[in-house]
Amino acid sequence: DYSSLNISELTAGDPSLFKADPEVLSLNLNASSYGWTEYKQCDSRWSSEQLGTCSSTTICSAGCAMSSVAMILATKGCSYTPSTLNSWLKSHSGYANGCDIYWGSVD
């Protein structure tokens, strides 16, 4: 159980002393390693698309939650990408305040 570990105690109060475990890093794992569909919000296929209806907000700049939902849905067998989910959310009242994902819309 690592929940009781305090980074400050492990690094004598200096977080810059924290080092990643080289054994874990050598595994080179990512979402796809576990069978998950992996999307990057700044993928050139959708990065510049407007997120929701916020005029100066793009999927790349603020689409992390929505892109993560697209990954979950795609992994579960629904054919969504961040682009297609963004379009669906816009046409189904899936955003609050223009570009905040409304969680109930993807339940």
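- With contacts defined as side-chain heavy-atom distances shorter than 4.5 Å, the pair W46/T58 does not qualify.
- Summarising the geometry, atom SG belonging to C78 is positioned 11.5 Å from atom CD1 belonging to I72; distances are rounded to the nearest 0.5 Å.
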* Asked: Is there a side chain to side chain contact (heavy atoms under 4.5 Å, CB included) between L89 and V106 once you walk through the steps?
  -> CA-CA 8 Å; L89 289 168; V106 293; 3.8 Å; yes

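- From L73, atom CG reaches atom CH2 of W88 across 9.0 Å, with rounding to the nearest 0.5 Å.
- In this structure, OG in S83 is found 8.0 Å from CE in M66, a value given to the nearest 0.5 Å.
- Counting heavy atoms from C-beta outward, S47 and I59 have side chains that stay 4.5 Å or more apart.
- Distance check: Q41 CD to M71 CE gives 10.5 Å after rounding to the nearest 0.5 Å.
- Distance alone, capped at 3.5 Å, places no donor-acceptor pair between the N86 side chain and the E49 backbone.
- Listed here is the closest heavy atom pair of A62 and L51: O-CD2, 3.3 Å.
- Here the side chain of S61 pairs no donor or acceptor atom with the backbone of T57 at under 3.5 angstrom.
- A70 approaches Y39 most closely through the heavy-atom pair O-CE1, 3.8 Å.
- For the atom pair CD of Q50 and NZ of K90, the computed distance is 5.5 Å after rounding to the nearest 0.5 Å.
- Separation of atoms CH2 (W36) and OG1 (T75) is listed at 5.5 Å; rounding is to 0.5 Å.
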* Show the numbers, then the answer: is there a side chain to side chain contact (heavy atoms under 4.5 Å, CB included) between Y95 and T53? => CA-CA 8 Å; Y95 286 111; T53 58; 5.9 Å; no

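- Looking at R45 and T81, their side chains never come closer than 4.5 Å, going by heavy atoms from C-beta outward.
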